[in-house]
Amino acid sequence: MTSVASWLSLGEGSTPLVHARRLSESLGCELHLKCEGLNPTGSFKDRGMVVAVERAVQAGARAVVCASTGNTAASAAAYAARAGVEAVVLTPAGATAGPKRAQVRAVGARVIEVRGSFDDALRLCRELGERDGYVVVNSVNPDRIEGQKSVVYELLEQLGGAPDVVALPFGGGGNTCAVAAGFAEAGVAPRIVVGQAAERTTTWASAIRIGEPAHANEVAELVAAGRVEVATLSEDQLRGAWERLAKEEGAFCEPASAAGVAALERCVESTLSGRIAVAILTGHGLKDAEAVAQPAEVVVDATLDAVLEVLS
Ligand code: F0G
């Protein structure tokens, strides 16, 4: 199932669900990766954004506005371009990954860098949203949550049944709410494990550099109801999971996207043993190319001997 049949669609959804053979072995479960980086703008945001922008346009919006660490901005900008409305994106100055900024510029959105944090940008975004003609398309807009639920239906169909465990990152918590709501609607109740950075405001995973999660109360309610567990992750745990995804599975996601797998790695082994788990990889690795260490390049003369010498 794709998200919605919309005139605005860029083909979001229908992302691959890939069996992670080597990570399954080390975790002692059957792990599948839901590769959301294969959405049109490279992140899960597209599922909800197509719905939010379409409804904003229907409601007569002059412009859509969002605060973003990069992915929401790239997604909002693309759908706004397609819809022919203006997109205004507020980002924390100097704190978003280069490729995400390039995506926003490419499609012609207005970027305003705010001297402050993501939380400051979101506050301003909400204030701007009170002005005539501006519609906020952050996940505080319920249309975003509605659209993002589609990942649940899709993975149920791909797996041919319900997983025992689902893991994903917890930044502002919009996706946690969407996934929990999707499962509730589908009438299944897997264990939902979400990973947040211990160093919320400074984490290396720039996509989830969020001090005050917009959905903190809803996530707390889900935790209290026993529907969601939150794992708080060190930088080393995040980086380790991100490296293992890439080096053991060839799954190159952006740093924040590894938080689900890092959260699974924190689970008591016996609670995962033999279970079917799905980790939602929220964004593509090329979104944050700078996260990859750059060793000195190996440059040789154009002879086989020179190549063999390097390989020896
Ligand atoms: N993963 C990625 C790749 C993200 O970009 C985000 C959030 C999350 C996970 C967290 O999702 O906020 O629903 O808990 N990115 C936002 C943005 C903040 O501006 O792109 P959440």
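We count ligands from 1, going down the list as the structure has it; atoms in each ligand are counted the same way. Residue indices begin at 1 and follow the sequence shown. Predicted, not measured: the structure shown is a model, and the values here were computed from it.
Here the heavy atom of the protein found nearest to atom 5 (O) of ligand 1 is N71 ND2, 2.8 Å. Atom 20 (O) of ligand 1 has T72 N, 2.8 Å as its closest protein atom, hydrogens excluded (heavy atom only). When only non-hydrogen protein atoms are considered, atom 2 (C) of ligand 1 lies nearest to T282 OG1, 3.4 Å. Summary of contacts: the protein heavy atom closest to atom 12 (O) of ligand 1 is G172 N, 2.7 Å. Protein heavy atom nearest atom 11 (O) of ligand 1, with residue, atom name and distance: F44 CZ, 3.6 Å.
Residue-level proximity to ligand 1 for K45 is carried by the side chain, the only part with a heavy atom below 4.0 angstrom. By the criterion of a heavy-atom distance under 4.0 Å, neither the backbone nor the side chain of H215 is placed next to ligand 1.
For ligand 1, the polar-atom distance check finds no N/O of S257 at less than 3.5 Å from any of the ligand's N/O atoms. Of the polar atoms of G173, at least one N or O is found under 3.5 Å from an N or O of ligand 1, judged by distance alone. Polar contact with ligand 1: absent for E254 (N/O pair, distance under 3.5 Å). Considering backbone and side-chain atoms alike, K100 places every N or O at 3.5 Å or more from each N or O of ligand 1. Between G171 and ligand 1, an N or O atom pair is found at a separation short of 3.5 Å. Considering backbone and side-chain N/O atoms, N175 comes within less than 3.5 Å of an N/O atom of ligand 1. For ligand 1, the polar-atom distance check finds an N/O of G174 within less than 3.5 Å of one of the ligand's N/O atoms.
Electrostatic pairing of D236 and R239 does not count as a salt bridge here, judged by no charged N lying under 4.0 Å from a carboxylate O. Salt-bridge check for K34 with E154: passed, with a basic side-chain N closer than 4.0 Å to an acidic carboxylate O. Salt bridge R191/E229: present, at least one basic N to carboxylate O contact under 4.0 Å. The pair R227-E221 does not meet the salt-bridge criterion, since no charged nitrogen lies less than 4.0 angstrom from a carboxylate oxygen. A salt bridge links R47 and E36; the closest N-O separation between the charged side-chain nitrogens and carboxylate oxygens is under 4.0 Å.
Counting non-hydrogen atoms of neighbouring residues, nucleotides and ligands closer than 6.0 angstrom, the CD atom of E212 reaches no more than 12 such neighbours.
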- Task: Walk me through it: do E86 and R110 pass the test salt bridge (charged side-chain N to carboxylate O under 4.0 Å, His left out)?
- Result: CA-CA 8 Å; E86 190 174 28; R110 298 190 69 167; 3.4 Å; yes
- Task: Begin with the C-alpha distance, continue with both residues' side-chain angles, and end with the deciding distance and a verdict on side chain to side chain contact (heavy atoms under 4.5 Å, CB included) for V88 and V64.
- Result: CA-CA 6 Å; V88 177; V64 294; over 6 Å; no
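In summary, the side chains of Y134 and E127 do not present any donor paired with an acceptor at a separation below 3.5 Å, with no hydrogens or angles considered.
To the nearest 0.5 Å, atoms CG (L238) and CD (E235) are separated by 6.0 Å.
N71 pairs in a side chain to side chain donor-acceptor pair (under 3.5 Å) with only one of the listed residues (K45, H284, E254), which is E254.
Closest to atom 10 (C) of ligand 1 by heavy atom, among L281, I210, I208, D288, is I208.
Ligand-side atoms of ligand 1 in range of S68: 17 (C), 19 (O), 20 (O), range being under 4.0 angstrom from any heavy atom.
Distances from ligand 1 to the non-hydrogen atoms of T69 include at least one value under 4.0 Å.
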